[in-house]
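First up is the structure itself, then whatever we jot down about it.
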Amino acid sequence: METSGIKSWSEPDRPREKLLLHGKHTLSTSELIAILIRSGTRDETAVEVARSLLKLAADDLSVLARMSVSDLARPKGMGPVKAITLVAALELGRRKAEGRNLTKVKIGSSSDVANVFQHRLADLDHEEFWLLLLNRANQIITKCQLSKGGVTGTVVDPKMVFRMAIEHLASGIILCHNHPSGNNQPSDADIRLTRKLKDAGALLDIHILDHIIIAGSDYYSFSDNGKM
């Protein structure tokens, strides 16, 4: 007889039943993960496996979201199928947080920009460079990924920046990229690129309004710091 699965628990302690009886808000993070991974091992319940997994991530869901399928599959009681299920659930959560309709949203501050990109970029283990294209009223036309790189940097082609802006008839551009290191301060390369794009934009009457660096839950704004 299986003694470690959810079915063997007393009914009030089963995460699925607890969710149905008392609501999703009553479950701990480890209980929610236990529902996703479904079963434990001979010696550990699904909740105990979930707790061990969270411990590897320092009890931080943003750290857990950065872990690869192979990393999540390693702990005893996990495996590739459970790891893939967990990755999919974390990705759905990220998309929900990010998924508001951006069209016609007006950008009035650097925090508005950070809110657009934080959920996509904060947990990545590599750099990505994005553009936020605005009309003359500072309303968002679209956002688009320009490049994707490694841990220490990504390549940005100025010609592609302005090609995208022209194709979308944008009047303003906000640059955004992330620092996986968690350091929100701009590098010398970040500063040089921002100046180069700002100068080029002035010739085309397409204004570079800000450059936001996402670093985990923190961010840096060139505009807020007088560097535009």
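For reference, positions follow the sequence shown, starting with 1.
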Drop me the distance from [X]'s [atom1] to [Y]'s [atom2], to the nearest 0.5 angstrom.
X    : Y    : atom1 : atom2 : answer
I33  : L64  : CD1   : CG    : 5.5 Å
I214 : E127 : CD1   : CD    : 12.0 Å
E17  : L20  : CD    : CG    : 7.0 Å
I191 : K227 : CD1   : NZ    : 5.0 Å
S147 : M160 : OG    : CE    : 10.0 Å
R74  : S70  : CZ    : OG    : 5.0 Å

Nearest heavy-atom pair of [X] and [Y]: which atoms, and what distance?
X    : Y    : value
P158 : K196 : CG-CE, 4.0 Å
I84  : V69  : CG1-CG1, 3.9 Å
P80  : A73  : N-CB, 3.7 Å
T41  : G77  : CG2-CA, 3.3 Å
L61  : L54  : CD2-CD2, 4.3 Å
P15  : A34  : CG-CB, 4.3 Å

Are [Y] and [X] co-members of a hydrophobic cluster defined by side-chain heavy atoms under 4.5 Å apart?
X    : Y    : value
Y219 : L124 : yes
L131 : L204 : yes
V113 : V105 : yes
I37  : L32  : no
L90  : M78  : yes

With the side chain counted from C-beta on, respond yes when [X] and [Y] share a heavy-atom pair under 4.5 Å apart, and no when they do not.
X    : Y    : result
Y220 : I212 : no
S110 : F222 : no
N138 : L209 : yes
L53  : L86  : yes
D205 : H207 : yes
I173 : L133 : yes
I174 : I208 : no
I213 : P186 : yes

Charged N to carboxylate O below 4.0 Å: is that the case for D125 and R66?
no
Between K76 and E44, is the closest basic N to carboxylate O distance under 4.0 Å?
no
Would you say the side-chain atoms of [X] pair up with the backbone N or O of [Y], donor to acceptor, closer than 3.5 Å?
X    : Y    : result
Q118 : N115 : no
H179 : N183 : yes
H22  : K18  : no

Applied to residues 162-181, the salt bridge (charged side-chain N to carboxylate O under 4.0 Å, His left out) test, sequence neighbours excluded, yields R163-E167
Please determine, by modelled atom types, if [X] and [Y] share a side-chain donor-acceptor pair under 3.5 angstrom.
X    : Y    : answer
S223 : S221 : no
H126 : N178 : no
S171 : N135 : no

Step by step, would you call K143 with V116 a side-chain contact (heavy atoms from CB on, under 4.5 Å)?
CA-CA 9 Å; K143 65 175 182 178; V116 170; 4.0 Å; yes
Could you go through I206 and I166, starting from their C-alpha distance and side-chain angles, then the distance that decides it, and tell me whether this counts as side-chain contact (heavy atoms from CB on, under 4.5 Å)?
CA-CA 9 Å; I206 300 174; I166 291 168; 3.9 Å; yes
Working note: S68 + D71, criterion side-chain contact (heavy atoms from CB on, under 4.5 Å); need CA distance, chi angles, decisive distance, verdict.
CA-CA 5 Å; S68 65; D71 288 336; 3.2 Å; yes
Tell me which one of T142, I140, I141 satisfies side chain to side chain contact (heavy atoms under 4.5 Å, CB included) with L132.
I140
Going by the rule ring-ring contact (aromatic ring centres under 6.0 Å, His included), which residues pair with F129 if we only count those two or more places apart in sequence or in a different chain?
H177, H211
What side-chain hydrogen bond (donor to acceptor under 3.5 Å, both in side chains) pairs are there with at least one residue in residues 51-60, not counting sequence neighbours?
D60-S62
Could you go step by step and tell me if L175 and D210 meet the side-chain contact (heavy atoms from CB on, under 4.5 Å) rule?
CA-CA 6 Å; L175 314 170; D210 202 351; over 6 Å; no
